[in-house]
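Below: the structure, in structure tokens.
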Amino acid sequence: MSDNTKELTFNEALDQLRQWRESNERKSQEVMNIWNNVLEQNFQKCGNERYVLLEQIIYAALDCHMYSEAKELTFLLMSEFPGSLRVLRYQSAILEAAERYDDALLFLDDIMKEDATNAAARKRRVAVFKALGLIDEAIKELVDYLKKFMSDVEAWQELSELYLQMQEYGRAAFCVEELILHQPHNHLMHQRLADIRYTMGGVDNMELAKTYYCQTLKLNPDNVRALLGLFLVANNLVGHYKSSGNPKRKEAWKLAQWAQSKIAAKQRQAQPSCSPGLSDMMLSLSLTE
């Protein structure tokens, strides 16, 4: 963004920051430009909105490595709200940004001693453990968190990523199954579970992967990754079921051919003037019935 924030009026600046908050856009450098050029000198005019504005500006300052500004604004809040757990969280964030992780954990521990159900503090502990490379500790913290906040979709997704990082595919699959329970119509969750089952290998997992790839395509027929996954899984199953009279082999073969035709059609639609490359390679992988 070019620095045209000086042209904004006070109310326009407030409206812009409010819009970014409501749409969950960080826009950190732009936020700092608005703060420095428009709001800082007239901050007392913001009324009760000034506290949520300060939070937005503190995190923007940390994103921009403007630690002195973040500390100054945090001290301002400390003077108005001594002992506030939310302000303690800002102090912890400043320490995290400065890579003083042990000190940040002490602040987070203080918050949790006061409020054991403070979800934000528990999530920050997970982030600190990840930053320190303590993945096992991050997993333990997140598992304990989910015992209290079982409906937190983001936490289940993060836990699945941590398990994948540790190559614990069975546990990662369980987390994605929980995500599907919360978001049954999210095709990406079905695709993720299919990918994990495919990675785990074995006939049973391949059959499950086939099922979840099919469900993904039912929810979103344009998911090319799911089409390719279904093709690979079906070919794998065709190779496993040796008997030509096996109904499972016939089903897998038909799915492989169907997936190949769909991918070839999408390739022609995307690149009508190019010679078929991917579909030719897939054809060479296909097994005959």
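Annotation: K218, atom NZ; neighbour count of heavy atoms from other residues, nucleotides and ligands within 6.0 Å does not exceed 12.
Between the side chain of W156 and the main chain of M150, a donor-acceptor pair closer than 3.5 Å is present. Formation of a donor-acceptor pair under 3.5 Å by the S92 side chain with backbone atoms of L88 is not found in this model. H240 places no side-chain N or O within 3.5 Å of a backbone atom of N236 that could act as its donor or acceptor partner. At distances below 3.5 Å, at least one donor-acceptor pair connects side-chain atoms of E12 with backbone N or O atoms of T9. Using modelled atom types, one side-chain atom of N36 and one backbone atom of M32 make a donor-acceptor pair closer than 3.5 Å.
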Go through R18 and D15 one step at a time and tell me if the salt bridge (charged side-chain N to carboxylate O under 4.0 Å, His left out) criterion holds. CA-CA 5 Å; R18 192 180 300 117; D15 289 340; 2.6 Å; yes
So L164 and T199, side-chain contact (heavy atoms from CB on, under 4.5 Å) or not? Walk me through it. CA-CA 11 Å; L164 287 175; T199 303; over 6 Å; no
Working note: F174 + Y163, criterion side-chain contact (heavy atoms from CB on, under 4.5 Å); need CA distance, chi angles, decisive distance, verdict. CA-CA 10 Å; F174 174 82; Y163 279 136; over 6 Å; no
Starting from the C-alpha separation in whole Å, work towards a yes-or-no answer on side-chain contact (heavy atoms from CB on, under 4.5 Å) for Y145 and V126. CA-CA 10 Å; Y145 169 85; V126 174; 5.8 Å; no
Determine, step by step, whether M112 and R125 satisfy the side-chain contact (heavy atoms from CB on, under 4.5 Å) criterion, reporting the C-alpha distance in whole Å, the side-chain angles of both residues, the deciding distance to 0.1 Å, and the verdict. CA-CA 10 Å; M112 292 174 59; R125 280 176 59 84; 3.1 Å; yes
Report the C-alpha separation of Y51 and F81 in whole Å, then their side-chain angles, then the decisive distance to 0.1 Å, and conclude whether the ring-ring contact (aromatic ring centres under 6.0 Å, His included) test is met. CA-CA 11 Å; Y51 300 119; F81 303 99; 5.0 Å; yes
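For Y212 against I180, the heavy-atom pair with the smallest separation is CE2-CD1, 4.1 Å. L219 and P184 make their closest contact through CD1-O, 3.8 Å (heavy atoms, listed as atom of the first residue, atom of the second, distance). Taking all atoms of both residues into account, the shortest heavy-atom contact from M166 to D136 is CE-OD1, 3.4 Å. Summarising the geometry of L62 relative to A97, their closest heavy-atom pair is CD2-CB, 3.9 Å, with the distance given to 0.1 Å. A pairwise comparison of heavy atoms in L159 and I139 identifies CD1-CG2, 4.0 Å as the closest pair. Among all heavy-atom pairs drawn from V31 and R26, the shortest one is CG2-O, 3.5 Å.
Side chains of W20 and I34 form a contact here, defined as non-hydrogen atoms less than 4.5 Å apart. Between Y198 and N205, the closest side-chain pair of non-hydrogen atoms is not below 4.5 Å. In this structure, F129 and Y101 have side chains that are not in contact, with every pair of non-hydrogen atoms separated by 4.5 Å or more. Contact of the S28 side chain with the Y59 side chain is not registered, since no non-hydrogen atoms from C-beta on lie closer than 4.5 Å. Counting only heavy atoms from C-beta outward, the side chains of E158 and K130 approach each other to under 4.5 Å. No side-chain heavy atom of L232 sits less than 4.5 Å from a side-chain heavy atom of N235. Taking 4.5 Å as the limit, every side-chain heavy atom of L77 sits out of range of all side-chain heavy atoms of S84. Counting only heavy atoms from C-beta outward, the side chains of Q157 and E154 never approach each other to under 4.5 Å.
The aromatic ring centroids of W258 and F231 lie 6.0 Å or more from each other.
Using a 4.5 Å cut-off between side-chain heavy atoms of Ile, Leu, Val, Met, Phe, Trp and Tyr, with links allowed through other members, F75 and I111 fall into different hydrophobic clusters. Placement of I135 and L146 within a single hydrophobic cluster is found when ILVMFWY residues are connected by side-chain heavy-atom separations under 4.5 Å, directly or transitively. A chain of hydrophobic side-chain contacts below 4.5 Å, direct or via other Ile, Leu, Val, Met, Phe, Trp or Tyr residues, connects Y241 to L255. Each of L217 and V176 belongs to its own hydrophobic cluster when Ile, Leu, Val, Met, Phe, Trp and Tyr are linked at side-chain heavy-atom distances under 4.5 angstrom. Put simply, M206 and L193 are part of two different groups of oily side chains (I, L, V, M, F, W, Y) that touch within less than 4.5 Å, one to the next.
The side chain to side chain contact (heavy atoms under 4.5 Å, CB included) test with Y213 is passed by exactly one of L227, N223, D195: D195. Here the options are R197, R192, R171, the test is salt bridge (charged side-chain N to carboxylate O under 4.0 Å, His left out), and the partner is E177; only R197 passes. Between R122 and the options D144, D109, D152, D115, a salt bridge (charged side-chain N to carboxylate O under 4.0 Å, His left out) holds for only D144.
Looking only at atom types and distance, the side chain of E55 has a donor-acceptor partner in the side chain of Y90 under 3.5 Å away.
Taking a cutoff of 4.0 Å between a charged side-chain nitrogen and a carboxylate oxygen, E251 and K248 do not qualify as a salt bridge. Taking 4.0 Å as the cut-off between side-chain N and carboxylate O, R21 and E49 count as a salt-bridged pair. A salt bridge is absent between E141 and K123; no separation between the charged side-chain nitrogens and carboxylate oxygens falls under 4.0 Å.
Rounding to the nearest 0.5 angstrom, the gap separating the CG atom in N33 from the CG atom in L8 is 10.0 Å. Here CD of Q56 is found 12.0 Å from CG of L73. Values are rounded to the nearest 0.5 Å. Rounding to the nearest 0.5 Å gives a distance of 10.5 Å between CG of L105 and CZ of R124. Rounding to the nearest 0.5 angstrom, the gap separating the CD atom in E69 from the CD1 atom in I94 is 11.0 Å. Atoms CG and CZ, from D102 and F107 in turn, are 13.0 Å apart once rounded to the nearest 0.5 Å. In this structure, E161 CD and L142 CG are separated by 11.5 Å, a value rounded to the nearest 0.5 Å.
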